[in-house]
Amino acid sequence: MTTPVLSARDLAVAFSVGGEEIAAVHRVDFDLHAGEVLAIVGESGSGKSVTSLAVLGLLPRNATVTGSIVADGTELVGASERTFASIRGDRIAMIFQDPSNALDPVFTIGYQIQEMLRRHDPKQSREDRRARAIELLAMVELPEPEERLDSFPHQLSGGQAQRVMIAMALACDPEVLIADEPTTALDVTVQREILDVLRRMRERTSAAILLITHDMGVVADIADRVVVMRRGRVEETADVRSLFSAPRAEYTRALLAAVPRIGAEARVSTADGAERPVLEIEDLVVEYRNRRRRHIRAVEGVSLAIRAGEMVALVGESGSGKSTIGKSVLGLAPVEEGRIVVDGVELGNASREAIRTVKKRIGVVFQNPTAALDPRRTIGQSIGEPVRVHDGVKGRALAARVTELLEAVELPASWSGRYPHELSGGQRQRVAIARAVALDPLLLIADEPTSALDVSVQATVLDLLRRLQERFRFACLFISHDLAVVDALCDRVVVLHRGSIVEEGERRRVLTDPEHEYTRRLLAAAPVPDPDEQARRRAEALAG
Amino acid sequence: MIRFLGRRAFELVVVFVGVTFIIYVMVFTLPGDPIAALGGDRPLPEAVQEQLRAQYHLDEPVWLQYLRYVGGLFVGDLGTGFDGRAVGDRMAARWPVTITLALTAWAIEVVVGVVLGLVTGLRSGGFVDRTVLVGTILATSIPVFVLGVTAQLVFGLQLGWFPIAGTSAGWPSAYLLPAIVIALFGLASVTRLMRGSVVDTMRSDFVRTLTAKGMPRRNIVGVHVMRNSVAPVLTFLAIDLGYLLGGTVVIEAIFNLPGIGQLLFDAIKTHEGPTVVGVATALILIFLATSVLVDLVNSLLDPRIRHE
């Protein structure tokens with residue numbers, strides 16, 4: 001076997017926080033060979049990002065790295081700034097998760113690519129550098145590369161910015177490209193494009209890719225070999241096919257089982273067809289004004305209805321208007337036209353008192369539970385607040401209600417005195433859900449409630465939502481970008497594209513036999529956690 | 001860009017008219033009668049007072065006086081003081097002193113503040129950072145007149161490095177000490193603003209990208225971090241320049257500098273409306289001009305503002 005272009009032995013990273021050493025990575029070994037894609041997968045806290053940052057010496061100053069990382073004969077652990085300076089960007093390049101923030105906002109992308117070229121090859125002429133920058137942008141399939149040189153990062157979409165990042169990373173023909181969650185902040189169709197770019201880049205150059213990701217679908221799509229990490233340790237290293245077909249580690253099996261897949265079995269819906277809908281939206285139009293007073297239509301004539309006990313999914317990519325519809329129901333978006341009726345009360349038209357009464361019965365759960373909970377209140381206070389404010393319940397009765405709610409979301413009642421920072425992300429989202437169901441809602445609006453959570457945690461939160469719905473029989477508007485999650489949870493699916501509904505129908509019908517082209521594209525773009533299936537899809541895409 | 005400037009120009013006119021009118025009305029509705037006070041202990045004859053009132057248009061309604069005044073501004077007439085001298089001339093004699101003082105102080109703030117802010121921002125939590133933090137708290141908590149008088153005593157009298165009063169020694173020695181004293185307050189703010197801004201910028205994703213690109217630290221800090229960090233500091237500096245030009249009354253008194261601050265103070269004491277409004281108007285104009293300039297510079301530094 002050839003010598004690896006990058007190898008780590010006994011790699012350990014510890015952070016000193018307040019005089020205490022906290023180990024983040026223990027004894028990690030891996031080898032990366034030329035032309036190979038090695039994926040490091042794991043959930044949050046697994047140490048996968050820390051490992052990748054250690055390679056280029058990008059960890060904060062309070063980190064201690066021990067063991068060995070060798071890149072092409074050079075030891076990088078404990079290397080001097082001078083050594084790193086000659087390696088960073090030149091032999092090992094890196095791209096990051098959030099491309100919109102990864103570029104300096106005040107310089108053009110042309111400047112940012114060319115400064116890197118100048119840094120690593122000062123003798124190159126100005127014209128050559130410019131030509132090379134255009135060539136690089138063309139290589140990552142950015143349209144009109146020459147004009148794009150003068151663009152600023154804020155003029156690019158997330159996908160375009162990530163292409164620029166890849167172009168920049170490739171500028172000096174590195175031997176290794178480290179990609180830290182390169183598609184996590186992007187929509188699925190854009191993710192697909194970026195993965196295609198990476199794949200073609202690998203075919204064209206001999207660069208090896210170290211891919212850091214939490215997404216098993218992405219792993220199945222592009223990786224050759226996989227390192228599974230958990231709590232700073234390597235659980236398993238395997239080639240991609242055997243990892244998915246015969247996972248050795250217990251943890252890998254659990255992780256794979258937790259990944260939602262389209263094709264969930266039939267379920268009995270709790271919806272009751274005879275009742276009048278809890279939520280009716282008719283011809284909703286929402287318009288935002290930007291600072292130049294131009295109107296931007298976020299929602300364009302959307303109508304939908306949800307009955308008690310029914311879970312309806314609003315799916316779409318960013319900018320599709322799915323969150324705006326949820327906000328409109330909450331009165332948080334500028335509704336231009338149309339009607340929103342909750343439990344027979346028209347929100348734009350009814351008396352203030354009637355609206356207040358009905359709004360009490362609308363629960364809401366947002367994506368980020370950390371931001372949605374007051375950090376200075378105990379979780380008991382947060383959960384009890386709606387009960388106290390709307391129903392005037394106090395003292396022992398309030399405490400009893402909080403206990404009941406904590407138990408409903410499967411958290412110990414004794415935790416009511418804890419603060420949000422003492423809880424994990426999944427536990428915090430349970431608290432947010434408990435607060436949302438505190439007033440026995442008729443309607444629950446859940447806006448990407450599991451998108452910020454790890455897959456294993458996501459599975460348990462989805463289970464919880466399903467059980468709560470069986471118990472409380474609320475109507476639920478479930479907003480999500482993830483079709484597999486929707487399949488696991490919802491009864492009906494509404495697909496949005498640029499503010500309009502392109503398709504709606506029963507969950508299985510829409511997700512297995514879509515009628516609209518856009519739905520088909522969405523389904524095809526989401527990578528499935530199965531390397532053979534992904535290979536088949538790719539072959540199909542090439543043929544078709 | 002043209003649209004942006006047009007909008008700013010319109011805002012400028014609105015603020016200018018609004019503020020000058022308010023000051024005009026305020027000065028002319030101050031209690032006491034300036035004409036009656038001109039005579040001191042011996043009241044002027046009623047007829048003379050009437051005649052003076054007519055001469056200064058004080059018998060007309062305030063809005064008409066204001067229109068007359070604004071009309072005069074357009075032809076460069078800032079009005080006439082009760083001593084018969086044109087307000088424009090009186091100000092012209094005083095401005096150079098104040099402008100010299102303010103610009104010296106401002107330059108100290110810019111250079112020292114930005115450098116200290118950058119150094120402490122790059123080494124936040126370190127020894128230098130903590131020392132400077134204590135220093136800035138100290139500087140902002142001591143009143144200007146205490147600092148001024150102490151500086152006079154120590155550097156002027158005991159050490160004899162600077163003259164203690166007057167402008168006869170010329171720039172820089174006559175201006176340096178008072179400039180340092182008034183700069184200290186703003187200097188503390190500039191340092192801390194710059195420090196915070198640098199700390200935030202250093203944490204941003206693009207700095208990590210630059211490091212991963214292999215860019216040398218000197219380049220990252222000097223080119224990228226600086227340009228991304230100065231915007232809030234610039235905004236403060238513009239406001240502070242206005243403050244320095246108008247707020248030097250105390251320091252001018254302590255160091256006996258015949259500047260605009262002293263003129264304004266005397267004019268308020270004697271109810272000399274045209275002088276008060278003239279000085280205030282000039283200050284407002286400077287204020288507005290610097291704020292437009294800052295917007296312009298900021299929009300040049302940050303394309304996101306330009307393309308808004």
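The chains referred to below are lettered A, B, ... by the order of the sequence lines, with proteins before strands, and numbering in each begins at 1.
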Go through the atoms of L103(A) and report whether side chain, backbone, both or neither lie under 4.5 Å from a heavy atom of chain B. backbone
Between CE on residue M215(B) and NE2 on residue H120(A), distance to nearest 0.5 Å: 7.5 Å
Side chain to side chain, P105(A) and N228(B), heavy atoms closer than 4.5 Å: yes
Chain B shares the most heavy-atom pairs under 4.5 Å, among N101(A), I178(A), T108(A), with N101(A)
Got R208(B) and L53(A) here, is their nearest side-chain heavy-atom distance under 4.5 Å? yes
More than 12 heavy atoms of other groups within 6.0 Å of E21(A) CD: yes
Out of curiosity, L210(B) CG to M116(A) CE, how far, rounded to the nearest 0.5 Å? 10.0 Å
Which one of D302(B), V223(B), D205(B) has the most heavy-atom pairs closer than 4.5 Å to chain A? D205(B)
So that I can tick it off, tell me whether R217(B) and E81(A) are bridged by a salt bridge, with the cut-off set at under 4.0 angstrom between side-chain N and carboxylate O. no
Residue pair A212(B) / M94(A): nearest heavy atoms and the distance that separates them: CB-CB, 4.2 Å
Answer key: most heavy-atom pairs under 4.5 Å with chain B among I87(A), D90(A), L56(A), L58(A) is L58(A)
Counting only N and O atoms by type, is there a donor-acceptor contact under 3.5 Å from the side chain of R227(B) to the main-chain atoms of V106(A)? yes
Quick check on F185(B): does its CZ atom have over 12 non-hydrogen neighbours (other residues, nucleotides or ligands) under 6.0 Å away? no
State, with a plain yes or no, whether a side-chain heavy atom of Q155(A) is found less than 4.5 Å away from one of R304(B). no
Looking at A102(A), is its backbone amide N or carbonyl O close enough to the side chain of T209(B) to form a donor-acceptor pair, meaning the two atoms are under 3.5 Å apart? yes
Cut-off 4.5 Å, heavy atoms of chain B, and the answer for R91(A) is neither
By a 4.5 Å heavy-atom criterion (distance strictly below it), what part of S204(B) contacts chain A: side chain, backbone, both, or neither? neither
For the CZ atom of F107(A) and the CZ atom of F206(B), what is their distance to the nearest 0.5 Å? 9.0 Å
Checking H224(B) against E115(A) for the side chain to side chain donor-acceptor pair (under 3.5 Å) test, could you report, in this order, the C-alpha distance in whole Å, the side-chain angles of both residues, the deciding distance, and whether it holds? CA-CA 11 Å; H224(B) 295 274; E115(A) 74 171 348; 2.8 Å; yes
Are K213(B) and R88(A) packed together at the side-chain level, in the sense that at least one heavy-atom pair is separated by less than 4.5 angstrom? no
